[in-house]
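What follows is one structure encoded as structure tokens, with my remarks underneath.
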Amino acid sequence: MYAKVIVDVPAKQTNRAFDYWIPEPMREWVAVGSRVGVPFGPRKLQGFVVDIRTQVDYDPAKVKPIAEVMDVYPPLTPDLVELARWISQTYLCHEITALQAMIPGALKAKYERHVKVAEHAADGRSAGTNVGGSGGQHLLLLPEQLDILRYVREKGTVEIGALLQKFAANGGLVKQLMLEGLLLEVQMIKDRMAAKKVLTVIPPDQPAQLLQRAEELPARSAKQKEVLRYLAEHPFPIKLSELLHELGTSAGTVKSLAEKGWLAIEEVEVFRDPYAQRSFRRTEPLALMPEQRHVFGRISEAVQDERHQVFLLHGVTGSGKTEVYLQSIQTCLDLGREAIVLVPEISLTPQMVERFKGRFGDQVAVLHSRLSHGERYDEWRKIMLKQVRVVIGARSAIFAPFTRIGLIIIDEEHESSYKQEESPKYHARDVAVARAVQHRAVVVLGSATPSLESMYGTMRQPSLTGTPSGAAGGNRLNDAAAAVSAAGLHPSVQADAPSNEAPLQPQGAAIELLTMHNRVEGRPLPRVHIIDMREELREGNRSMFSRSLYKAIEERLHKKEQTVLLLNRRGYSTFVMCRTCGYVAQCPHCDISLTFHQSSRAIRCHYCGYAEREVTVCPSCSSEHIRHFGTGTQRVEEELGKLFPGIRVIRMDVDTTTEKGSHEKWLTMFRNRQADVLLGTQMVAKGLDFPHVTLVGALAADTVLNLPDFRAAERTFQLLTQVAGRAGRHELPGEVFVQTYAPEHYSIVSASRHDYKSFINKEMTLRKLHEYPPFHRLILITLSHEQIPLLMRTAESLAARLKELAKSLAPLPVEILGPVASPIARIKDRYRFQCMIKYRGEASISGLVRQAAAAFEDMEKQHKLTISIDVDPQVLM
DNA sequence: AGCACGCCGACT
DNA sequence: GTCGGCGTGCTC
């Protein structure tokens with residue numbers, strides 16, 4: 001038998017499967033999805049098995065055997081292997097990159113070079129005797145060299161780095177021994193993190209015997225008797241450390257019993273459970289409101305039919321989407337199938353976790369970035385070992401190694417954080433649809449402000465001719481591309497399918513729209529006031545608080561109610577400027593202004609981390625009129641303190657939430673009403689639910705609007721709607737103040753009226769007019785290099801090449817825009833140029849782009865030029 | 001990505 | 001004459 005293996009080298013030339021022979025004894029351990037160690041040229045590398053065959057396509061005489069199998073159970077399921085291929089084709093990345101993204105970081109290969117003592121050096125066992133060299137020639141070994149050999153022999157194998165460190169004074173000798181063949185190099189592939197194991201005492205099958213045995217022991221073995229009696233009474237495996245603590249004895253006591261064979265001590269895998277300390281109050285399903293009942297009905301029907309379908313659940317904030325998710329998941333579990341819930345990283349709060357753990361108990365695994373490497377790995381292991389059936393997590397949880405997925409929920413589906421910014425630059429929403437096709441699972445996209453892409457999907461008519469995806473035998477991924485497009489997320493996505501079978505018309509059912517207009521228990525949406533800050537300024541108010549917001553905060557302080565203040569920092573640089581000459585502190589390595597950080601009193605670059613001391617004298621004109629521009633949360637906090645002496649403010653931003661668990665700490669404090677105001681960036685807008693919040697203020701609602709991004713209006717509308725939804729979720733009614741310099745902008749007006757429909761109509765019209773997504777699709781190609789001339793030349797010829805190739809697709813509209821300098825024209829001393837491809841979805845374009853980029857392969861290698869391709873970019877910077 | 005092979009300049 | 005520069009190509 002042979003295996004096709006994708007090796008751990010992310011390069012164009014190695015972006016294909018290599019054939020290896022599977023030695024007979026390994027046969028039962030090697031499967032599609034296995035991690036294996038394979039010889040590759042002179043090295044040993046990790047790889048993933050993507051196929052198993054009886055024949056090879058390569059000269060059988062040259063096929064090498066697999067060197068080792070890394071895991072007892074393959075860490076990837078066959079469907080994930082297939083999905084990785086789809087991702088690599090759709091998002092134009094190396095297949096290995098997609099595969100690696102699917103396993104936890106703990107399983108990333110760590111390559112170690114070890115040495116062992118060569119067998120023919122074995123005669124040199126005793127010190128002082130010199131060993132024979134390979135040619136029968138007698139080499140004189142120095143005593144130091146014998147020391148090294150003896151040390152390595154004792155240890156078995158030693159990592160080269162460690163050996164060199166140990167014998168630092170004689171580093172040359174180690175090398176010499178290796179050259180002479182007395183030390184052999186062994187390459188090892190290690191996991192970054194192993195499962196955590198704990199010594200555990202296992203009682204025998206018949207614990208009753210233990211009492212008997214205790215009698216037989218001599219009187220002086222009191223401690224041993226005690227251990228036996230304890231185990232007879234509690235005949236369950238127990239941690240050795242716990243047992244010792246319980247009985248106040250030492251390990252020797254238990255060990256001697258183990259040596260007699262009366263009990264066993266084993267290493268048992270334990271799971272680091274980040275939620276172990278907490279108990280979750282069990283919750284029962286809540287009664288559903290009529291709208292919720294209808295939505296739940298549609299979803300659970302589809303789940304029960306085991307048919308692939310995508311729903312878009314548009315529910316206003318506070319309409320009870322989570323309860324619908326919970327009950328739908330229950331339906332799915334009752335059918336013996338598994339569920340994945342994706343949540344934006346930022347809203348994966350303990351509160352959210354609690355709701356799922358409360359309903360499904362230890363059936364739930366949680367995956368998010370704040371877990372340590374080990375914790376994350378353990379949660380993942382629980383999924384793989386089928387100890388849980390529900391996963392809640394951020395973007396990458398879409399790769400949970402389940403085998404019978406029935407339901408995938410994507411909460412806040414409009415969030416741009418579902419798009420990964422590093423390779424593989426996948427969108428979890430699209431991957432979810434592809435994965436759901438494989439499993440014939442249902443996808444629920446939930447949001448109070450659905451993305452235009454998803455909304456567009458609901459507007460498409462189901463095709464008359466197409467068979468519904470997931471129908472008989474259709475459970476394959478080549479349908480997935482069609483399904484993603486049929487789902488309408490994009491006009492059409494095509495995995496690099498041979499063009500003869502590429503369906504040009506999307507087929508299958510479109511997204512079904514489900515709507516919930518009402519908040520639970522008929523609570524009204526909060527009243528939203530738009531405050532024109534231009535007018536405030538005209539009337540002499542130069543503070544960042546309008547008079548009405550000031551009054552509203554004052555009122556809340558009196559009534560002992562709470563306030564949430566949002567300061568949207570995006571697009572709001574807190575740059576440092578000299579008021580005399582206009583000098584602005586810039587990063588010397590990037591084309592971006594440095595931002596001021598109060599906590600460290602430093603100015604630093606967000607892109608490369610460059611930092612310098614705060615400047616008090618202008619380096620350009622020596623003036624002392626240096627001002628920190630932009631309204632950072634720190635300044636708002638200061639001003640609050642001045643305006644309302646004694647006010648208790650919790651500030652949440654990058655500066656205060658980097659520490660592990662700090663996020664949670666602040667929110668708990670606020671919940672316990674230990675503060676009057678929660679002030680923060682985007683992170684205060686998402687998913688939080690505090691009963692005593694009756695006032696929400698957006699201090700500068702329109703900062704995003706000024707960014708050169710076609711999604712600016714959409715982002716603004718979403719953010720304002722989300723943050724407004726934080727007010728008045730419980731008994732107390734809420735009120736919202738939106739401060740802006742663009743009070744007539746449709747995104748702000750619609751958000752203030754809670755009018756999603758008028759917003760979407762306006763925005764759709766504009767997008768269509770300007771040929772932007774979702775009507776057209778984009779691919780952003782960014783080139784970077786240290787020197788502008790070479791960079792420009794390459795970018796020009798890449799664009800020319802693309803235009804050339806695009807002609808072959810005529811008459812399908814494919815436009816090549818650029819090259820132009822990127823919005824941030826230099827990062828880390830590298831200049832950046834970009835080209836944008838704008839096309840209608842019917843065009844199968846990924847192959848074309850790859851072809852064009854491939855022509856510049858040698859440029860990349862020779863001149864250290866980098867080309868990065870972003871399919872469906874979310875952020876155009 | 002590594003690593004070897006291979007073809008042209010400054011040294012013993 | 002050789003050591004070594006890094007361009008080119010391969011890894012089952």
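Residue numbering restarts at 1 for every chain, and letters A, B, ... go by the order of the sequence lines. Only a predicted model underlies this, so the values are computations on that prediction, with no experimental measurement involved.
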Nearest-angstrom distance from the residue atom NZ of A:Lys12 to P of B:dG2: 16 Å
Rounded distance (Å) that lies between atom C1' of B:dC3 and atom CD of A:Gln13: 12 Å
Spacing between A:Asp59 atom CG and C:dT11 atom P, to the nearest angstrom: 11 Å
d(CG, A:Asn15; C1', C:dC10) in whole Å: 16 Å
Length of the line joining A:Glu185:CD and B:dG2:C1', which is rounded to integer Å: 13 Å
Pairs satisfying salt bridge (charged side-chain N to carboxylate O under 4.0 Å, His left out), at least one member in residues 92-106 of chain A, at least two apart: A:Arg85-A:Glu95
Close residues, residues 109-116 of chain A, relative to DNA chain B [heavy-atom separation under 4.0 Å]: none
Approximate separation, where rounding is to 0.5 Å, of A:Cys835 SG and A:Ile779 CD1: 12.0 Å
Under-4.0 Å salt bridge between A:Glu24 and A:Arg27: no
Parallel, tilted or perpendicular: ring planes of A:Phe399 versus A:Tyr426, cut at 30 and 60 degrees: perpendicular
Salt bridge (charged side-chain N to carboxylate O under 4.0 Å, His left out) pairs, two or more places apart, involving residues 47-61 of chain A: A:Lys4-A:Asp57, A:Asp51-A:Arg53, A:Arg53-A:Asp57
Gap between atoms OH and P, on A:Tyr58 and C:dC10 respectively (whole Å): 10 Å
Extract all donor-acceptor atom pairs below 3.5 Å that involve side chains of residues 786-804 of chain A and protein atoms in other chains or at least two apart in sequence.
unit_1: A:Thr794; atom_1: OG1; unit_2: A:Leu790; atom_2: O; d: 2.6
unit_1: A:Ser797; atom_1: OG; unit_2: A:Arg793; atom_2: O; d: 3.3
unit_1: A:Ser797; atom_1: OG; unit_2: A:Thr794; atom_2: O; d: 3.1

Sub-4.0 Å heavy-atom contacts from residues 26-51 of chain A onto DNA chain C, ordered by number: A:Pro39, A:Phe40, A:Gly41
Pair A:Thr866-A:Ser784, side-chain donor/acceptor within less than 3.5 Å: yes
For atom CG of A:Asp8 and atom C1' of B:dA1, their distance in whole Å: 9 Å
A:Tyr58: partners by side-chain hydrogen bond (donor to acceptor under 3.5 Å, both in side chains), with sequence neighbours left out: none
A:Lys166, NZ: over 12 other non-hydrogen atoms inside 6.0 angstrom: no
Distance in angstrom units between A:Lys62 NZ and C:dC12 C1', rounded: 10 Å
Sugar-phosphate, base or nothing in reach of A:Val63, heavy atoms under 4.0 Å: sugar-phosphate
